[in-house]
Protein chains: 2
Amino acid sequence: METVAAAAGVSRATASRVFHGSTPVAPGTRDAVHAAAKTLGYVPNTMARSLAARGSDILGLLVRDPTNPAYGLLFSELQTQVSRAGLEMVTVAPSRDEGARYERQALNRLLGLRVGGMFVATGVIRAEMLEPFLDIVPVVVVGRPESHPRIHSVSYDEDGNAAQLADAVAAHGHRSVAVVTPSAANSVPEHRRGVAMARRLREHGVRVHPVASPTFGRAEEGGLDILGLHRSGRITAAMFPSDWRLLAFLPLAQAAGLQAPDDLSLTGCDGVLPGIDLLGFTTVRIPVERAARRAVEVMRALRDNRTRTPTEHELLPGTLVPGRTLGPAPHPV
Amino acid sequence: METVAAAAGVSRATASRVFHGSTPVAPGTRDAVHAAAKTLGYVPNTMARSLAARGSDILGLLVRDPTNPAYGLLFSELQTQVSRAGLEMVTVAPSRDEGARYERQALNRLLGLRVGGMFVATGVIRAEMLEPFLDIVPVVVVGRPESHPRIHSVSYDEDGNAAQLADAVAAHGHRSVAVVTPSAANSVPEHRRGVAMARRLREHGVRVHPVASPTFGRAEEGGLDILGLHRSGRITAAMFPSDWRLLAFLPLAQAAGLQAPDDLSLTGCDGVLPGIDLLGFTTVRIPVERAARRAVEVMRALRDNRTRTPTEHELLPGTLVPGRTLGPAPHPV
DNA sequence: TTGAAAGCGCTAACAA
DNA sequence: TTGTTAGCGCTTTCAA
């Protein structure tokens, strides 16, 4: 900046004011500085700036698994919303090597940068790990339900989404349905969805056949159970806790000569897999965009008014995507 | 750090040495400092550190679209490899709002952080945009072929991958094949793959039916052409430039009562869509993990030896995934 | 509207 | 093995 200031014939302080834009600067001076900066290819040093200013407009996002399309989309949307709000954002992810240690490391990377706010999109960091920093930096948990009395969160209404799907299945006249429910150890949100679907179906008087789906990478397992249930005429529909699981079931169904929804109705959940809409799945689209928007709004409120913003725990409902894999029950059971 | 040093009864310099770990510190002193840091919840200020040290071990990744599973995977793998190398990494993505302006903004965010190296995984930033910074910070372009004489790159061998698939199709006896080829404006890598597939097929003496796939979001378009070609008996296989396109074709095929590979053989390309392996696509898996590993190795070499590392332009071959959607040609054409 | 000067939290010689 | 000291590049009072 020294060089830029010299080239423009002003002091460093004035150059600083031009870039920061807080105090008024004479138009002529401003132009001279900008011109000098452009020709010299000057990019302000964020480090020095936030060091001197004791804080920055850079927000941090801690994301669990960029491989997961839901997180990828969240990343992308948050970035866009943050940009629109005139702030910046950098993202970190933990190393994939096993261990919560890397989550901490990623958290520290953000803390070390002294970000002006943190979005946390990982279930592995527990609330207690965040607690010490709540007074230092605004934290918004996003995409994962959080009930800590001091941590703000914006997440998806998994129970409501599951209920929407169960309602749709029941409304199509299905009276006996398989529900794939992975264990909680396997996937917390999927487990929760499965449980909620089953509960709601039962409220409709529908008979539920729970299908465990124990292993993670081999989603076929529950699939064979479903084929068996269908062959013996005990179900007319199968509900999956994610589009991914439903996708995994398709080749099995196809091999068995099943057509959805004529032979068997199928539902997924999520609606974010790229290209998934083209498959015509009946599913619920989680409101990633809205979550991003709300998360940024909450963050802004927190930053503007650090003192007393009441803790918010928002739950955003998804949207039922009718699709082509859910049809009327073929025959009364 | 002042507070920590005081609590441990040492000077700031000593505390610094403990965290930085360059110069030897007496074990007793070290423990005292660590203890003090722990109880005080101290996280070193990266800003101040890299300001004072004139540089940092933080690398930056500029990623085009975190929504794309190939980039998501690359992000994740780079993070892991960087961690293993004892370095750190932060990632930025441009806002999704239109315009190359946001790409620049994202680039500046990284530059402003004075990262110690940059991975660039976006086709939108052109080489000329990077040129001014090549002397300031090591740059490695990854996932996109780059031929700039001063910019290092590690990317996928799209032509080779396309050839592998074409070879497999020809080897299965197909003599007349549809090849979906989007325009370059639509997607550069997909266009390139389509062209390369067609070329290689022709070298095998196979008759190629090019299928344009003009619009982006509506991949069905080319699909109808393929169904027509198949109905009239003019093709026995269809090659898609990405798994995504193939996925989009599936519902059409299913609606038309087609089974792969009995009625029509199908191939994709990429192999990274989550859950895609379960569909049994015949495809090529792009070597994302290897690309990440090599990119980090190149980066380390650049950082260690800034002066004269000859520019590398690596092209990594993918792996053919046999799958179940490619079978022998049903009858001679 | 501008400049001078005092730090922000840390590292890196240099001395001790 | 440790302390002292001079900055790193910037922002921000305070005067002018």
Side-chain angles (χ1 to χ4, degrees), chain A residues 1-37 40-58 87-88 108-116 133 136-137, chain B residues 1-37 40-58 87-88 108-116 133 136-137:
Chain A
M1 201 179 79
E2 180 85 64
T3 325
V4 174
V10 299
S11 72
R12 286 162 41 222
T14 304
S16 169
R17 284 189 264 260
V18 169
F19 295 120
H20 184 252
S22 59
T23 18
V25 176
T29 320
R30 190 204 334 278
D31 295 346
V33 172
H34 274 138
L40 291 172
Y42 170 70
V43 178
N45 186 328
T46 311
M47 304 284 186
R49 170 194 291 236
S50 62
L51 188 57
R54 312 162 212 335
S56 76
D57 285 348
I58 300 188
L87 301 168
E88 312 206 62
N108 277 355
R109 218 175 309 150
L110 246 28
L111 255 16
L113 285 172
R114 296 295 190 269
V115 290
F133 310 109
I136 319 279
V137 50
Chain B
M1 202 179 79
E2 180 85 65
T3 324
V4 173
V10 299
S11 73
R12 286 163 39 223
T14 304
S16 169
R17 284 190 265 261
V18 169
F19 296 120
H20 185 253
S22 59
T23 19
V25 176
T29 319
R30 191 206 330 281
D31 294 347
V33 172
H34 274 138
L40 290 171
Y42 169 71
V43 178
N45 186 329
T46 310
M47 303 284 187
R49 169 194 291 237
S50 62
L51 190 56
R54 308 161 200 12
S56 75
D57 285 349
I58 301 188
L87 302 167
E88 311 206 62
N108 277 356
R109 218 175 310 148
L110 245 28
L111 255 17
L113 248 22
R114 296 296 191 268
V115 290
F133 309 109
I136 318 281
V137 50

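Labels below follow one simple rule: chain letters A, B, ... track the order of the sequence lines, proteins then strands, and each chain is numbered from 1. As the structure is a prediction and not an experimental result, all values here were calculated from the model.
Annotation: the span from His34(A) atom NE2 to Thr29(A) atom OG1 amounts to 11.5 Å, rounded to 0.5 Å.
Taking atom CZ on Arg49(B) and atom P on dT11(C), their separation rounds to 5 Å, with Å as the unit. Spacing between atom CG of Leu113(A) and atom C1' of dC10(C) amounts to 14 Å, rounded to whole angstrom units. Residue Met47(B) contributes atom CE, which lies 13 Å from atom C1' of dC10(C) at whole-angstrom precision. Taking atom CZ of residue Arg54(A) and atom P of nucleotide dT11(D), one finds them 12 Å apart after rounding to whole Å. Note: CE (Met1(A)) to C1' (dT2(C)) measures 13 Å, nearest angstrom. The nearest whole Å value for the distance from the CG atom in Asp57(A) to the P atom in dT11(D) is 12 Å. Going from atom CG of Asp31(A) over to atom P of dT1(C) covers 13 Å, rounded to whole Å. Going from atom CG of Asn45(B) over to atom P of dC10(D) covers 16 Å, rounded to whole Å.
In this structure, of dC10(C), dT12(D), dA13(C), it is dT12(D) that holds the atom nearest to the side chain of His20(A). Out of dT2(C), dG9(D), dG3(C), the shortest distance to the side chain of Val10(A) is found at dG3(C). When the nucleotides dT12(D), dC8(D), dT2(D) are ranked by their closest atom to the side chain of Leu51(B), dC8(D) comes out on top. Counting only heavy atoms from C-beta on, Ser11(A) has its side chain closest to dG3(C) among dG3(C), dT11(D), dT4(D).
For Thr14(B) and dT2(D), the shortest distance from a side-chain N or O to OP1 or OP2 is not below 4.0 Å. The phosphate of dC10(C) has neither OP1 nor OP2 within less than 4.0 Å of any side-chain N or O from Ser16(B). Regarding contacts with the backbone of dT2(C), a side-chain N or O of Thr29(A) is found under 4.0 angstrom from either OP1 or OP2.
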Might you work through the side-chain contact (heavy atoms from CB on, under 4.5 Å) test for Arg114(A) and Leu51(A), ending with a clear yes or no?
CA-CA 9 Å; Arg114(A) 296 295 190 269; Leu51(A) 188 57; over 6 Å; no
After noting the C-alpha distance and the side-chain angles of Val10(B) and Val33(B), does the key distance pass the side-chain contact (heavy atoms from CB on, under 4.5 Å) rule?
CA-CA 8 Å; Val10(B) 299; Val33(B) 172; 3.9 Å; yes
Set out, in order, the CA-CA distance, both residues' side-chain angles and the distance that settles side-chain contact (heavy atoms from CB on, under 4.5 Å) for Ile58(B) and Leu113(B), then state yes or no.
CA-CA 9 Å; Ile58(B) 301 188; Leu113(B) 248 22; over 6 Å; no
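Where Pro24(A) and Arg12(A) each meet DNA chain C at their nearest nucleotide, the meeting point lying more 5' is that of Pro24(A).
Residue contacts shown for Ala13(B) include a base, since a base heavy atom lies under 4.0 Å away.
Checking Thr23(B), Asp31(B), Val25(B) one by one against Val18(B), the side chain to side chain contact (heavy atoms under 4.5 Å, CB included) holds for a single residue, Val25(B).
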